[in-house]
Amino acid sequence: MRNGAQDRGPTAAGPDQDPARGLADTVRDQVQSYAGKRRADAARVVSDVGDAIRDTGAGFDGLPQLKAFFDQAALGVDGLAEDIGRRSLSEMCDEVRAAARRRPALTAAAAMLAGFALYRLIQAPGIRPVPRSRALVPVDVLPTPDI
């Protein structure tokens, strides 16, 4: 004798769920692959910035202190490029959050500066009015003396 539980169709973990789970796994893998490629691109760009800083410092052979400053800056940027390539996105976000908690005033100042820069970038440069003191008056508008 069969009971009612044996006559039921597939359960939630049965074959009907496998296509959806396979699609979710495929999408997750593609997103992780895309994020990995973009992280590698970002690391390469940051490394290129470090190379540019180093090349700029090479022009200061006569000033060893200034050359050393550029070399140290390039080393710092190269270290950042290595960190970007080595860490995952969630690790980098956690580190940024921790830094923001350690220095809230600096975070607020950086956010205000970024907001101001974004405002200036987005604001459309419209036609600026000409002050009346510098406006040119057309000749045909000038009054003519009555003779």
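Heavy-atom basis, side chains included; hydrogens, waters and symmetry copies ignored. Residue numbers count from 1 along this sequence. The model shown is predicted, which means the values in this text are computed figures rather than measured ones.
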Practice task
Could you tell me whether D71 and K67 make a salt bridge, using a distance below 4.0 angstrom between a side-chain N and a carboxylate O?
Solution key: yes
Exercise for the section: Write down the atom of T107, the atom of A100, and the distance for their closest heavy-atom approach. Expected result: OG1-CA, 3.2 Å
Practice task
Decide side chain to side chain contact (heavy atoms under 4.5 Å, CB included) for D94 and E91; before the verdict, give the C-alpha distance in whole Å, the side-chain angles of both, and the deciding distance to 0.1 Å.
Solution key: CA-CA 5 Å; D94 291 342; E91 289 173 338; 5.6 Å; no
Problem - Residue pair D83 / R86, side-chain heavy-atom distance below 4.5 Å - result: yes
Practice task
Following the transitive rule for hydrophobic clusters with a side-chain heavy-atom cut-off under 4.5 Å over Ile, Leu, Val, Met, Phe, Trp and Tyr, establish whether L121 and L113 coincide in one cluster.
Solution key: no
Handout entry: Single-linkage hydrophobic cluster, 4.5 Å side-chain cutoff, L75 and F60 together
Key = no
Exercise for the section: Taking the side chain as every heavy atom from C-beta outward, state whether F116 and R120 have any pair of such atoms under 4.5 Å apart. Expected result: yes
Handout entry: Backbone of A52 reached by a side-chain donor or acceptor of T56 within 3.5 Å
Key = yes
Completion exercise
Taking every heavy atom of I53 against every heavy atom of F70, the minimum-distance pair comes out as CG2-O, 3.4 Å
Practice task
Using a 4.5 Å cut-off on heavy atoms from C-beta on, say whether the side chain of M92 contacts that of R39.
Solution key: yes
Problem - Heavy-atom donor-acceptor pair, Q72 side chain to F69 backbone, under 3.5 Å - result: no
Practice task
Could you tell me whether a side-chain N or O of S47 sits under 3.5 Å from a main-chain N or O of A43, the two making a donor and an acceptor?
Solution key: no
Practice task
Establish whether V46 and V96 are linked, either directly or via other cluster members, by ILVMFWY side-chain heavy-atom contacts under 4.5 Å.
Solution key: no
